[in-house]
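One structure is given below, encoded as structure tokens.
Numbered from 1 within each chain, the chains take letters A, B, ... in sequence-line order. Keep in mind that this is a model prediction, so the values were computed, not measured.
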There are 2 protein chains.
Amino acid sequence: MNGPEGAAPLAHRVPDLGAMELLLAVARHGSLGRAARDLGITQPAASSRVRSMERLLGVALVDRSPRGSRLTAEGVLVTDWARRVVEAAEAFDAGAQALRGRRDSRLRVAASMTIAEYLLPGWLIALRAERPGTAVSLSAGNSAVVAERLLADEADLGFVEGLGVPVGLDSAVIGHDRLVVVTAPSHPWARRSRPLLPAELAATALISRERGSGTRQVLDAALAAHGGLAEPLIELASTTAVKAAVVSGAGPTVLSELALGEELAARRLVQIPVEGVRLRRDLRAVWRQGPLPAGPARDLLSLTRPT
Amino acid sequence: MNGPEGAAPLAHRVPDLGAMELLLAVARHGSLGRAARDLGITQPAASSRVRSMERLLGVALVDRSPRGSRLTAEGVLVTDWARRVVEAAEAFDAGAQALRGRRDSRLRVAASMTIAEYLLPGWLIALRAERPGTAVSLSAGNSAVVAERLLADEADLGFVEGLGVPVGLDSAVIGHDRLVVVTAPSHPWARRSRPLLPAELAATALISRERGSGTRQVLDAALAAHGGLAEPLIELASTTAVKAAVVSGAGPTVLSELALGEELAARRLVQIPVEGVRLRRDLRAVWRQGPLPAGPARDLLSLTRPT
DNA sequence: TGAGCCCATAAACTGGGCTTATGAGCATGA
DNA sequence: TCATGCTCATAAGCCCAGTTTATGGGCTCA
């Protein structure tokens, strides 16, 4: 899953988040002391922390001079990698804050798991930048749960992916989500020179989410005209488990491209082109039937509009 | 840049990497005790750490029972967010290890900054999974530096993005990189209904990297037929600085899509379609003229091949 | 030449996270 | 019914990483 790591836990081989934040601050300010002030610690603390980071990594990160500190060439690279960790942590933070949010939050959001996992944290960061002080609460569930919460006035705005709009709700398409066929790089399909035909896909036993998942519904519908979906090879409960099985070579699957960023980039999985099927679903914002939402819900909605 | 945060540093609002790793292990194993063993700590340590994570986040993450522990609904979501942080940290680790690598490493890689920053860590993780024990050393620089290191036999394999292949080297295209026009969401271009014309782009003053960057070369060449690139609005030294300026609304820029993942997803930046120009550049692996590399270099090369 | 930046070092404090030791709850099977 | 074996929680004590305060040295500029 996370790969059989090299003995020592990751946390012992990598600087902690505070150190990475500090490194970014040093890059921004060009000075250890100012970076320290920015983070609310003293200059010696920053100095020692950067030093221990350099010791841990075995690389000089910062060129110190009496006129300030600049990153070394290696430091620039390390800082860029650190920035990605910190950004992921910011998304975590934004999500976690919304999860903690209570019923009296100014904006109560209900979202499908996929959207809550991959898209919502980014939107919340953007919302915080534009409208700081908007308290957001988040609950996640499938389309039915989202609809229920909206209709019961337990949520102001919802997000769902899937085929239809639940009754009693109005909606706006805010984006699209392609489903893609993926296999391990060692799978025969990875070496095909021609796109997969829908009938071939339909006839193949896939590693699959359990019946009822949104992904599976869309796939079923798209392949109905091509003989219907074959019985799954295995059914697994979570997207993560599906990915792990595919990576280990157990077989092909179909997943949202949102769930595949990392795996495709690192070529742990490869995407198999398919011809003649629209494996695409709408991502929708939904709200109680009536006028477009106002206030904080409107703010968030306008952030998520494609253009 | 990182946004003016809400007072307390991120590191105090977010569990540390060790805690996130632990949470992933609990999700994998379904038991605090087994997760603890997996990470080489004792069960009480794991128990207390999960508890303090729940206290910090204000959310119950784990359902404890005498038969094991399962994630709560909120725990699943938090774990997914944590997984992304841990993955970014793994990429950091892979990159940092390569940076520390000495001259006697079995595989010496030289790469352009863009590739070293965004793609190489993922490849290194994949390489470690397939060929554990391959010691990799990394040095980063522009195309000229990469070529120089290869020709001086200080590197076994190089990666460059750009227009031509330096003399004395053989190469293989391993992927592509689209350059995209982006602005802040508030920019007038973000509300255009029709694609931008090349001549319009050429006539507009952009926020730009300094002369000599690969991105700028490609852009120059692509727009030569449309009147040539206008004088930049500002020239900045790093991609990060360019992005920050664009986000703050200073003007449009053209950047590699590799550098834009996070910003586009969170709609801090929006992509402006352009018609009739191929803003695309090859990503190439390069090596000293002669036969395809063998050994570890071959292993890495085959990982990076598109298919 | 002194003021004002920069950074490094030293010593002392603190607390979070660890371990060891123990106990309680629930299943399973003799 | 009672022992075994898994689960997790609690308590007490240790240790070290990261902190602060206090100090000093280097460079630049007025």
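Contact check, B/Arg64 against D/dT7: no side-chain N or O comes under 4.0 Å of OP1 or OP2. A close approach under 4.0 Å does not occur between any side-chain nitrogen or oxygen of A/Thr42 and OP1 or OP2 of D/dT19. Residue A/Ser47 places no side-chain N or O under 4.0 Å from the OP1 or OP2 atom of C/dC7. Put simply, B/Arg67 has no side-chain N or O that comes within less than 4.0 Å of OP1 or OP2 on D/dT7. The phosphate of D/dT7 has OP1 or OP2 within less than 4.0 Å of a side-chain N or O from B/Arg34.
Whole-Å rounding puts the A/Arg49 CZ to D/dT19 P distance at 4 Å. Distance NE2 (B/His12) to C1' (C/dG16): 12 Å, rounded to an integer number of Å. In this structure, CE of A/Met20 is placed 13 Å from P of D/dG18, rounded to the nearest angstrom. Between the C1' atom of C/dG17 and the CG atom of A/Asp16 lies a distance of 13 Å, rounded to the nearest Å. Going from atom NE2 of A/His29 over to atom C1' of C/dC7 covers 17 Å, rounded to whole Å. Going from atom CD1 of B/Ile41 over to atom P of C/dT19 covers 6 Å, rounded to whole Å. If you take CE of B/Met53 and P of C/dG16, they are 16 Å apart, rounded to a whole angstrom. Between A/Gln43 atom CD and D/dG18 atom P the separation is 17 Å, expressed in whole Å.
Contact annotation for B/Ser48: no contact, since no heavy-atom pair falls under 4.0 Å across all strands. Using a 4.0 Å heavy-atom criterion, one finds that B/Asp63 contacts no nucleic acid atom at all. Across all strands shown, B/Arg37 has heavy atoms under 4.0 Å from sugar-phosphate atoms exclusively, and none from any base. Nucleic acid contact class of B/Ser31 (heavy atoms, under 4.0 Å, all strands): sugar-phosphate only.
Ring-centre distance between B/Trp81 and A/Tyr118: not below the 6.0 Å cut-off.
The residues B/Arg216 and B/Glu235 are annotated as salt-bridged, a charged nitrogen and a carboxylate oxygen being separated by less than 4.0 angstrom.
A/Arg83 and B/Thr240 share a donor-acceptor pair across their side chains, judged by distance under 3.5 Å alone. Side-chain contact, A/Arg209 with A/Thr239: a donor N or O sits under 3.5 Å from an acceptor N or O.
Considering CG of B/Leu138 and CZ of B/Arg108, their distance stands at 13.0 Å, rounded to 0.5 Å.
Between C/dC26, C/dA8, D/dA9, one nucleotide has an atom nearer to the side chain of B/Pro44 than all others, and that is D/dA9.
Mapping A/Ala46 and B/Ser65 onto DNA chain D by nearest heavy atom places B/Ser65 at the nucleotide closer to the 5' end.
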